[in-house]
Structure formats: structure tokens, C-alpha cells
Amino acid sequence: MRPLSIEGTWLVEPAIFPDERGSFHEWFRGPAFREATGYDLSLAQANFSVSRRGVLRGLHFADVPPGQAKYVTCGRGAVLDVMVDIRVGSPTFGRWVSHRLDEENRHAVFLAEGIGHALMALTDDATVLYLCSTGYSPAREHGVHPLDPALGIEWPADIEPVLSAKDAAAPSLAEARAAGMLPVYEECVVHYEKLRGDESV
């Protein structure tokens, strides 16, 4: 696992072993995860989504604590995965990182609690698998509009985005901040330290 430019985001680049039968790779390894993050991934839910080309899911996040961390990979096709720092008070607030996840590179990403997440299907039948640290809870799930110009996310210019009604109605980052919806960086840091077993926080 390699840390990315936003604290709380990592990229996983597994070794792939192809042969005449197909290929094999380990898309999650507990010891490597602990070495990178300092704690074990608490698995509460596993999600599986299939999207046609252009479908844009997100930008989603959950209240912290407990938040919802995600470990994400693409099993078929390709997606552009985007992680956004929406933690108020973070030194990288409003910044985003993106990475292509596809059936060739077999990469995965991990985003800690408090990071916003979105993805766009670059192919038909783009199949994404998520390991989630907490289960879905509608009362603490929120969204920011993924096409908010203030975020400036560079979605593919040649693909028309297809949003759900809920995502299309999501507030801008500024509106979500004004409404007090966004995670607070200091509270996220305390949460991370508790996951690492620091009882002094």
C-alpha cells in the first residue's frame, strides 16, 4: 500500500500472476494493510456494483465517528475512482486525487473515514467491489455534488455523466460546509488514533 497525496488515502498495486489459465492476485492482505495504516480493517459490509459507461456514483461520505472507510477495486471493466478531502480544517481540504481502477492493472484504493468518495464507469458493465468498515446507515450518510465547479474534479470530457436523482440533488461543498454536514478534521484524527489503539486521545 502506497500513501497518496491526501492523508488517509492509499493506492494498492498488487503483483499479478498470469498463466495459460488466466491470472491470480491478492487484492487485500491484512498484514500489509496494518503496516500501512497502523490498524486492522474492520469489515462490516461488502458491496458489489455494476454500472454502465458514464454512471457517476458519489460523492459520498458518512458522519465521523464512526464514518465509513472503504477498500475499493474493479473486478471488470474500468472506473475512474476519486477521493476528496472534505474534512473541515484539514491542510488539504477541498483537494482530490484520482486513479484508474480496471481489470488489467487490478489496483485498489483505500480511503479512511471522513474522505469523500466517487467513481465514474469508463466502460459498460464496470464492476466494483467495496470492503466497508461500517454498514450502511441512511441517517448518517451524506453527499456532495460530484460536478461542483469549486471541486474541479477532472472527469473524462468525452463521457456524459449519469447521476442518480439523489446525487444530482446533492449540495455543493460550500453548501454542505455551511450546513454543518462535513466531517471535522480534528475529530477524524482522534478517530484514526483510536483505531491505532492510542487510548490517550
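None of the values given here were measured: they were computed from a predicted structure. Positions are given from 1 along the sequence.
- Transitive grouping of hydrophobic side chains (ILVMFWY, heavy atoms separated by less than 4.5 Å) keeps Met120 and Tyr130 in distinct clusters.
- Tyr39 is not connected to Leu111 by any chain of hydrophobic side-chain contacts under 4.5 Å among Ile, Leu, Val, Met, Phe, Trp and Tyr, and they are in different clusters.
- Two residues are said to be in side-chain contact when any heavy atoms from C-beta on lie closer than 4.5 Å; Leu151 and Val144 meet this criterion.
- Residue Trp155 is not grouped with residue Val79 when hydrophobic side chains (ILVMFWY) are merged at heavy-atom distances under 4.5 angstrom, including chains of intermediate members.
- Put simply, Phe28 and Phe48 are part of the same group of oily side chains (I, L, V, M, F, W, Y) that touch within less than 4.5 Å, one to the next.
- Counting all heavy atoms, side chain and backbone alike, Ile115 lies closest to Phe61 at O-CB, 4.3 Å.
- A distance of 6.0 Å separates CD1 of Ile86 from CG of Leu59, quoted to the nearest 0.5 Å.
- A salt bridge (Lys or Arg N to Asp or Glu O under 4.0 Å) check over residues 148-172, counting only residues at least two apart or in different chains, returns the pairs Arg53-Asp158.
- Under the 4.5 Å side-chain criterion, counting only non-hydrogen atoms from C-beta, Leu41 is in contact with Phe110.
- Side-chain contact check for Val12 versus Val109: every heavy-atom pair is 4.5 Å or farther apart.
- Proximity of Val82 to Leu119: side-chain heavy atoms (C-beta onward) are nowhere separated by under 4.5 Å.
- With sequence neighbours excluded, no residue satisfies ring-ring contact (aromatic ring centres under 6.0 Å, His included) with Phe24.
- Without hydrogens or angle criteria, Glu26 side chain to Pro14 main chain gives no donor-acceptor distance under 3.5 Å.
- Expressed to the nearest 0.5 Å, how far CE of Met83 lies from NE2 of His99 amounts to 8.5 Å.
- Side-chain atoms of Val84 and Ile153, non-hydrogen and from C-beta on, do get closer than 4.5 Å to each other.
- Other cluster members for Val55: Val162, joined by side-chain heavy-atom distances under 4.5 Å among Ile, Leu, Val, Met, Phe, Trp and Tyr.
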Distance-only donor-acceptor hits, side chain of residues 174-185, under 3.5 Å, sequence neighbours excluded:
{"from": "Glu175", "atom 1": "OE1", "to": "Ser172", "atom 2": "N", "distance (Å)": "2.8"}
{"from": "Glu175", "atom 1": "OE1", "to": "Ser172", "atom 2": "OG", "distance (Å)": "3.4"}
{"from": "Tyr185", "atom 1": "OH", "to": "Glu7", "atom 2": "OE1", "distance (Å)": "2.6"}

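- Cluster membership check: Leu56 does not share its hydrophobic cluster with Val50, using side-chain heavy-atom separations under 4.5 Å among Ile, Leu, Val, Met, Phe, Trp and Tyr.
- From Leu80, atom CG reaches atom CZ of Arg100 across 9.0 Å, with rounding to the nearest 0.5 Å.
- A heavy-atom distance below 4.5 Å is not found between the side chains of Leu4 and Trp10.
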Enumerate donor-acceptor pairs with a distance under 3.5 Å from any side-chain N or O in residues 65-77 to protein atoms, sequence neighbours excluded.
{"from": "Gln68", "atom 1": "NE2", "to": "Thr134", "atom 2": "O", "distance (Å)": "2.8"}
{"from": "Tyr71", "atom 1": "OH", "to": "Trp27", "atom 2": "O", "distance (Å)": "2.6"}
{"from": "Thr73", "atom 1": "OG1", "to": "His107", "atom 2": "O", "distance (Å)": "2.9"}

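- Here Ser90 contributes atom OG and Glu186 contributes atom CD; the two are 11.0 Å apart, rounded to the nearest 0.5 Å.
- Counting only distance, with no hydrogens or angles, the side chain of Tyr192 and the backbone of Glu113 share a donor-acceptor pair below 3.5 Å.
- Listed by chain and number, the residues in a ring-ring contact (aromatic ring centres under 6.0 Å, His included) with His60 amount to none (sequence neighbours excluded).
- Here the CG-CZ distance, from Asp85 to Arg95, works out to 8.5 Å after rounding to the nearest 0.5 Å.
- Remark: side-chain polar atoms of Thr92 are not paired, donor with acceptor, to backbone N or O of Ile6 under 3.5 angstrom.
- One finds the CG atom of Leu122 at 8.5 Å from the CG atom of Asp102 (value rounded to the nearest 0.5 Å).
- Here Asp40 pairs with Arg34 in a salt bridge; the nearest charged N to carboxylate O distance falls below 4.0 Å.
- Within the 4.5 Å cutoff, no side-chain heavy atoms of Ser98 are placed close to those of Asp81.
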